[in-house]
Asker: 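One structure is given below, represented as structure tokens, and several questions about it will come after.
Not measured: the values here are computed from a predicted model. Below, chains carry the letters A, B, ... as their sequence lines are ordered, and counting in each starts from 1.
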Amino acid sequence: MKCSRLIFPTLKETPSDAAIESHRLMLRSGLIRKLASGLYSYLPLGLRVIQKMENIIKTEMDKAGAQEFRMPLLLPRELWDETGRYELMGDLMMKVADRGNKDFVLGPTHEEAFTSIIRDAIKSYKELPVIVYQIGKKFRDEIRPRFGVMRGREFIMKDAYSFDMDEEGLNASYQAMKQAYINLFKAAGLKTVRVGADSGAMGGSGSEEFMVPSHIGENEIIVCEACGYAANDEAAVCGQNNHEKKDNEILPVEEVDTPDVRSIDELVAFFKTTADKFIKTIIYRYMTQDSEDIVAVLIRGDLEVNEIKLANNLGAVNIALVDDQTIKKVTGAPVGFAGPVDLGKCRIVADDSVKSMTNSITGANKKDKHLINVNIGTDFEVTDFLDVRMVKKGDLCPECGKSLDSFRGIEVGHIFKLGLKYTKAMHCIVLDENGKEHYPIMGCYGIGVDRSVAAVVEQNHDENGILWPITIAPYHVELIPIKYDGRMKEVSDSLYTELWNKGVEVLMDDRPSRPGFKFKDADLLGIPIRITIGEKSLAENKIEIKLRATGETEFVEISEAVKRILSIKDDLESAILG
RNA sequence: CGGGCUGUGGCGCAGUUGGUAGCGCACAUGACUGGGGGUCAUGGGGCCGCUGGUUCAAGUCCAGUCAGCCCGACCA
């Protein structure tokens with residue numbers, strides 16, 4: 001491709017609404033343009049990168065024995081009614097009606113669609129296992145799209161689903177996908193960390209996320225440097241923190257006037273003490289399969305409740321804080337004065353952190369009153385002690401007991417064991433060797449394609465622009481004639497043709513611009529190998545080769561150029577693939 | 001959903017106590033220049049987000065509305 005014909009509107013100045021580096025650089029280098037909030041167009045260079053990412057994914061999926069499909073974006077409502085997700089997905093799912101007023105949705109994911117195909121196509125255990133996948137558009141009406149292509153509303157996703165006869169088969173499929181993910185992220189030049197994630201009702205090690213460490217990441221990752229434990233903060237479990245009860249003398253409860261003092265911060269200031277002396281009492285409504293109830297959750301004042309862990313512990317499908325009126329009804333006091341003492345009307349559970357607390361401060365369940373010197377056993381009872389806290393840096397590792405660290409990460413891939421949820425709900429049945437009906441067990445494996453590309457930029461750039469890993473760079477080589485004229489033009493043209501013939505993808509900047517301008521653009525674009533054809537070196541029959549990432553420069557005889565470039569390309573590739 | 005900020009040529013922005021819109025970049029033409037976004041000259045391009053109001057007069061003041069961005073979304 002020649003720059004004179006290529007549409008890549010580079011920007012010298014930074015667009016004002018780009019908040020992170022990848023967004024800025026993708027905009028500036030003319031890879032993408034915004035059409036509306038959360039909706040981006042890929043221009044030719046951006047598309048090439050996306051397609052390379054897709055091809056890397058495809059290659060590994062196929063290697064793992066997965067087969068490619070292409071599903072519609074628009075899906076009929078009935079499919080979603082079968083699993084109850086039409087309601088469950090809520091506003092995240094874009095709902096539309098056709099001219100006949102028939103309901104459709106823009107697919108935010110495709111479990112139902114794939115399961116319906118398998119249900120019709122596969123009838124016998126002999127046809128299993130299968131792994132099916134597609135790379136295609138998804139639509140999610142995000143509350144707040146942001147960071148460019150990192151969290152868009154319309155985005156490209158690779159989603160794969162495995163169907164197996166039994167747990168053992170599922171494990172094998174899961175392992176195959178895991179290995180494929182490890183390979184493909186590496187091939188794309190992305191450094192990822194694998195962490196344990198929330199797996200809802202499935203439990204165990206059935207859910208892992210591939211995270212790209214980055215300060216702009218939307219997930220908090222908890223890691224243990226000592227033993228390698230790694231988990232999403234939604235899933236991180238807490239080591240048994242010094243739960244030994246201190247030998248404090250148990251003091252009698254006293255009621256204290258605390259006019260208008262509600263939040264932990266206000267209480268800390270009021271009592272002139274620290275947050276860990278308080279027991280927070282939070283009232284939740286939780287729904288299980290067939291019932292609904294209220295629960296008071298106690299936790300030490302300096303900690304936060306992890307609602308996902310709470311829901312899992314309670315066996316709840318849904319959980320939410322109750323409204324102010326309900327608080328008043330349950331506790332007898334307005335918001336801010338709830339406490340466990342004489343809270344007779346509902347179940348009380350406590351985070352493990354509360355176990356060792358003595359002479360604590362809590363709400364008195366009366367307006368403008370708190371209690372001091374509250375003690376478990378003496379003043380109130382707890383039904384269950386659970387691990388429901390949000391794990392933080394400095395907490396203890398559940399595996400080895402050492403102190404945990406944390407960092408932020410971008411989720412680029414997620415693999416997890418789905419179980420029978422969809423096959424059951426959708427009556428996807430195969431016959432086993434005894435002719436008995438059997439639900440296949442599913443696994444689900446996703447990759448955010450746009451997001452992975454953005455993460456590559458996030459991870460590979462400098463102050464001048466992008467530094468593409470050669471495996472997903474829009475082109476391998478950018479060829480810059482200082483002036484596209486005379487001998488420089490001749491040499492450039494013949495190199496251009498020769499390289500393409502040898503399978504090297506070349507972008508030639510044949511524009512009549514000044515050299516400095518072209519160099520700046522080249523740095524922005526970040527094509528890994530830059531060849532400069534200039535008068536000075538040409539006088540010695542040489543061309544210049546410069547690596548974008550390291551700045552390494554060498555001059556090579558024209559006759560040796562193609563060979564040398566080929567070998568540099570190989571070197572760059574094997575440096576990534578290892 | 002709540003709070004904050006911003007809407008003025010393609011992009012980045014200025015526009016004072018209200019008086020009929022400007023700068024840089026980009027674009028077009030020409031000349032010079034030619035290894036890190038060059039110089040000069042000339043030129044084209046704006047319903048000042050939208051609607052309504054105040055006023056002799058509104059980019060500017062008021063009300064509403066739409067859009068975008070940022071932060072937060074109940075932890076008692």
Side-chain angles (χ1 to χ4, degrees), chain A residues 9-20 23-24 27-28 30 33-39 90-91 143-148 258 260-268 275 278-285 296-307 309-310 319-324 326-328 330-331 333-340 343 351 353 361-365 367-370 388-390 464-465 480-486 488 509 511-525 530-538 543-544 546 551 553 555:
Chain A
T10 54
L11 264 20
K12 193 155 142 187
E13 282 166 298
T14 305
S16 61
D17 59 359
I20 61 167
H23 189 193
R24 270 197 278 271
L27 243 21
R28 283 193 57 208
R33 282 289 114 106
K34 183 169 77 173
L35 211 51
S37 179
L39 302 176
D91 291 335
I143 300 174
R144 185 143 91 91
R146 69 182 112 179
F147 297 156
T258 52
D260 236 15
V261 183
R262 299 155 192 270
S263 71
I264 287 291
D265 284 347
E266 289 164 1
L267 286 161
V268 165
F278 296 88
I279 297 175
K280 283 199 285 206
T281 306
I282 306 156
I283 315 293
Y284 283 96
R285 166 175 285 112
V297 178
L298 309 183
I299 191 165
R300 208 171 68 204
D302 60 324
L303 302 176
E304 288 184 11
V305 172
N306 179 335
E307 295 185 359
K309 279 160 73 174
L310 178 63
I319 188 159
L321 288 161
V322 299
D323 57 35
D324 293 4
T326 312
I327 289 179
K328 210 158 191 174
V330 174
T331 69
V335 176
F337 302 97
L343 191 62
D351 181 65
S353 58
I361 307 172
T362 74
N365 297 327
K367 186 174 182 334
D368 294 338
K369 305 274 187 205
H370 276 76
V388 296
R389 63 187 280 190
M390 200 59 110
N464 296 314
I480 302 182
I482 291 298
K483 191 168 180 170
Y484 193 57
D485 193 26
M488 284 182 273
D509 198 341
R511 294 176 296 180
S513 318
R514 295 171 65 88
F517 185 90
K518 298 190 195 180
F519 290 145
K520 287 289 185 191
D521 254 2
D523 286 348
L524 232 199
L525 289 191
R530 190 182 92 190
I531 300 172
T532 311
I533 313 284
E535 234 155 14
K536 284 175 221 155
S537 50
L538 228 44
I543 57 141
E544 176 190 323
K546 183 172 183 178
T553 306
F555 290 86

Asker: Starting from P on B/C74, measure out to CD on A/E307 and report it in whole angstrom.
Answerer: 7 Å
Asker: Please tabulate the protein-to-nucleotide N/O contacts below 3.5 Å involving nucleotides 6-14 of chain B, giving atom names and distances.
Answerer:
from  : atom 1 : to    : atom 2 : distance (Å)
B/G12 : OP1    : A/S16 : N      : 3.2
B/G12 : OP1    : A/S16 : OG     : 3.3

Asker: Roughly how many Å is it from CD1 in A/I480 to C1' in B/G37, rounded to a whole number?
Answerer: 12 Å
Asker: For RNA chain B, which ranges pair as stems of 3 or more consecutive Watson-Crick or G-U pairs, with both donor-acceptor distances under 3.5 Å?
Answerer: B:1-7 with B:66-72, B:10-13 with B:22-25, B:27-32 with B:38-43, B:49-53 with B:61-65
Asker: Determine the interatomic distance between C1' on B/C70 and the same-named atom on B/A76; round to the nearest Å.
Answerer: 27 Å
Asker: How close or far is atom C1' of B/C75 from atom NZ of A/K309, stated in whole angstroms?
Answerer: 15 Å
Asker: CD1 of A/I531 to CD1 of A/I543: how many Å apart, nearest 0.5 Å?
Answerer: 5.0 Å
Asker: For A/R146 and A/F555, take the nucleotide of RNA chain B holding the closest heavy atom to each; which residue's nucleotide lies nearer the 5' end?
Answerer: A/F555
Asker: Calculate the interatomic distance between A/I482 atom CD1 and B/G37 atom C1'; express it in whole Å.
Answerer: 14 Å
Asker: Would you compute the distance between atom NE2 of A/H370 and atom OG1 of A/T362 and round it to the nearest 0.5 angstrom?
Answerer: 7.0 Å
Asker: Is the backbone N or O of A/V388 less than 3.5 Å from a side-chain atom of A/D351, with the two atoms forming a donor-acceptor pair by type?
Answerer: yes
Asker: Find the distance A/H370:NE2 to B/A76:P and express it as a whole number of Å.
Answerer: 10 Å
Asker: Is the shortest heavy-atom distance from the side chain of A/K483 to the side chain of A/P515 under 4.5 Å?
Answerer: no
Asker: Rounded to whole Å, how long is the line connecting atom NZ of A/K483 with atom P of B/C32?
Answerer: 11 Å
Asker: Quick one: label A/R530 by what it contacts on the DNA or RNA (base, sugar-phosphate, nothing), any heavy atom closer than 4.0 Å.
Answerer: base
Asker: For B/C69 and A/K34 - does any side-chain N or O of the residue sit under 4.0 Å from the phosphate oxygens OP1/OP2?
Answerer: yes
Asker: Contact class for A/I299 vs. all strands (heavy atom < 4.0 Å): base, sugar-phosphate, or nothing?
Answerer: nothing
Asker: To the nearest angstrom, how far is A/L321 atom CG from B/C75 atom C1'?
Answerer: 7 Å
Asker: CG of A/D509 to CD1 of A/I482: how many Å apart, nearest 0.5 Å?
Answerer: 10.0 Å
Asker: Roughly how far apart are A/I282 CD1 and A/E304 CD, rounded to 0.5 Å?
Answerer: 8.5 Å
